[in-house]
There are 2 protein chains.
Amino acid sequence: MMAGMTGTRWLDTSEQCIWRSYLAATSLLEDRLDREISAASGLSVIEYGILAHLSEAEGRRMRMSALADTVLVSKSRLSHQVARLERDGHVRREVCPDDRRGAFAVLTDEGYELLVSIAPVHVDGVRTHLFDQLEPEQVQQLAEITRRLVAHLRELPEVVRCPSARSGAGAK
Amino acid sequence: MMAGMTGTRWLDTSEQCIWRSYLAATSLLEDRLDREISAASGLSVIEYGILAHLSEAEGRRMRMSALADTVLVSKSRLSHQVARLERDGHVRREVCPDDRRGAFAVLTDEGYELLVSIAPVHVDGVRTHLFDQLEPEQVQQLAEITRRLVAHLRELPEVVRCPSARSGAGAK
DNA sequence: AGTTAACACTTGAACCTTCAACTATCTTCC
DNA sequence: GGAAGATAGTTGAAGGTTCAAGTGTTAACT
């Protein structure tokens, strides 16, 4: 209603088509890589990302907040996720000496082993399903496109999920 | 295991950087659009997609399978999702006369009203956060890139999630 | 016709994610 | 030093998603 009253700039046919293509590409790719990793290791792609980022960090450890920002998940979700990884022995928590509110997630040796064993699967997937499908110049184009989008999206203020809208379930 | 034994073609620094940028762009964009729609209507972006596709179909109805293929979700997930949309009055089910195994999901008038009221929010989001951020030629580049990826990904055979044997499964 | 397999969905249980509320610590500033 | 507020992280409940198993229907073969 409000939003569309005057100036909504609708998408033309070509733009709609591009948007659908974008949606299909991104969701198929994510789904594919997730399944490949999961089939090889039982980990989700998010869990893989957590282990991968930890493995690259100083002392194979990161503060929970920093890790959440890096992997792009909420702190709550990371907390649950790390709890599961800890239960399975891939990660361990340590208290932070400098700031006793803080916690480190630390990659265990088992976690490292697992990561090493599945990294090739993931890398192969990214290569086969993304880079190999594109011409070198398209890869550069994609780099610039995503760079711009990230720059824009990171600037945006937060959206609150449930403002005036309607009654009934405001969940999700 | 197999994949990494000998010839894994690792990603070079630039490729890694592009891959991370891709991940950030796609996940930030999805998250943003999801939150905008959810804030305006209480629907998730998937639910919006379901209503949108139904609204464009003949008689505002589609077979469950066709809808699942279009929206790119598993049949099970769609079934649960439609159950919730039905509970909230946005969709109704009808049996299919031709094939009595089949079911139609039909957009109700309330569902249509809701869709019309939030479409501008979604369109604005796609425009503001995607198309407006890119030069016209980048939009064309993105179109070609995603077209290629979709063509490739649609050809692929299914992956089975669990490495521990057992043939003949396969949801989605 | 009768058996068997394939298909179109639904269901329930297990698991994951989200939101809001909570604990504990650190910072500010008077 | 102490109150007020910000920050780091966890937790539980509510709800969403997944997988495997179920129901009923159609197709295919004999």
Side-chain angles (χ1 to χ4, degrees), chain A residues 27 30-31 34-35 38-39 42-47 49-50 61-69 71-88 91 93-106 158-163 168-172, chain B residues 27 30-31 34-35 38-39 42-50 61-69 71-88 91 93-105 158-172:
Chain A
S27 88
E30 185 182 345
D31 192 58
D34 201 4
R35 279 168 194 277
S38 167
L43 295 179
S44 71
V45 80
I46 294 286
E47 291 172 315
I50 292 173
R61 77 190 53 217
M62 285 179 82
R63 289 287 294 269
M64 292 295 282
S65 305
L67 188 52
D69 288 348
V71 190
L72 296 169
V73 301
S74 70
K75 290 165 88 177
S76 171
R77 179 172 172 184
L78 181 65
S79 193
H80 287 297
Q81 198 82 254
V82 166
R84 291 188 289 266
L85 288 170
E86 191 169 28
R87 178 200 63 196
D88 297 341
V91 162
R93 284 179 225 236
E94 278 179 22
V95 288
C96 176
D98 306 344
D99 183 342
R100 264 176 307 194
R101 293 169 302 180
F104 280 112
V106 189
E158 301 268 315
V159 185
V160 186
R161 282 251 188 197
C162 193
K172 205 295 140 115
Chain B
S27 88
E30 185 182 346
D31 192 57
D34 201 4
R35 279 169 194 277
S38 167
L43 294 180
S44 70
V45 80
I46 294 285
E47 291 172 315
Y48 176 85
I50 292 172
R61 77 191 53 217
M62 284 179 83
R63 287 287 294 269
M64 292 295 282
S65 305
L67 189 52
D69 288 348
V71 190
L72 296 170
V73 301
S74 70
K75 288 164 89 178
S76 171
R77 179 171 171 186
L78 181 65
S79 192
H80 286 298
Q81 199 80 255
V82 166
R84 292 188 290 267
L85 288 170
E86 191 169 29
R87 179 200 62 196
D88 297 341
V91 162
R93 283 178 224 236
E94 280 179 22
V95 289
C96 176
D98 307 344
D99 182 341
R100 262 175 309 192
R101 293 171 301 182
F104 280 112
E158 302 266 315
V159 184
V160 187
R161 281 250 190 201
C162 187
S164 54
R166 199 155 22 165
S167 51
K172 174 99 198 240

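Chain A is the first sequence line, chain B the second, and so forth, proteins listed ahead of strands; every chain is numbered from 1. Computed from a prediction, not measured in an experiment: that's the story for all the values here. Worth knowing before you read on, the calculation uses all heavy atoms, side chains too, and leaves out hydrogens, waters and symmetry mates.
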Could you list all N or O pairs between the protein and nucleotides 3-10 of chain C that sit under 3.5 Å apart?
| unit_1 | atom_1 | unit_2 | atom_2 | d |
| --- | --- | --- | --- | --- |
| C:dC7 | O2 | B:R101 | NH1 | 3.0 |
| C:dA8 | O3' | B:R63 | NH2 | 3.3 |
| C:dC9 | OP1 | B:R63 | NE | 3.4 |
| C:dC9 | OP1 | B:A103 | N | 2.6 |
| C:dC9 | OP1 | B:A103 | O | 3.1 |
| C:dC9 | OP2 | B:S65 | N | 2.8 |
| C:dC9 | OP2 | B:S65 | OG | 2.2 |
| C:dT10 | OP1 | B:R93 | NH1 | 2.4 |
| C:dT10 | OP2 | B:S79 | OG | 2.8 |
| C:dT10 | OP2 | B:R93 | NH1 | 3.1 |
| C:dT10 | O5' | B:S79 | OG | 3.4 |

Take atom CD of B:Q81 and atom P of C:dT11, then tell me their distance rounded to the nearest Å.
15 Å
Whole angstrom value for the distance that separates C1' of D:dT23 from CZ of B:R100
15 Å
I want to confirm an ordering. Mapping A:R84 and A:P97 to their closest nucleotides on DNA chain C, which one lands closer to the 5' end?
A:R84
Output the rounded distance in Å from CD1 (B:I46) to C1' (D:dG15).
16 Å
Would you please name every residue forming a salt bridge (Lys or Arg N to Asp or Glu O under 4.0 Å) with A:E86, sequence neighbours left out?
A:R93
So does A:R77 get a side-chain nitrogen or oxygen closer than 4.0 Å to the phosphate oxygens (OP1/OP2) of C:dC16?
no
Any Lys/Arg nitrogen of A:R84 or A:D88 sitting under 4.0 Å from an Asp/Glu carboxylate oxygen of the other?
no
Take B:E30 and B:S27, measure what side chain to side chain contact (heavy atoms under 4.5 Å, CB included) needs, and give me the verdict at the end.
CA-CA 5 Å; B:E30 185 182 346; B:S27 88; 5.7 Å; no
I'd like to know whether CZ of A:R100 has more than 12 heavy-atom contacts from other residues, nucleotides or ligands below 6.0 angstrom.
no
Please give me the minimum heavy-atom distance between A:C96 and A:R63, naming the atom from each residue.
SG-NH1, 3.4 Å
To the nearest 0.5 Å, what is the distance between CZ on B:F104 and CG on B:L67?
11.5 Å
Is there, by distance only and without an angle test, a donor paired with an acceptor across the side chain of A:H80 and the base of D:dG12 below 3.5 Å?
yes
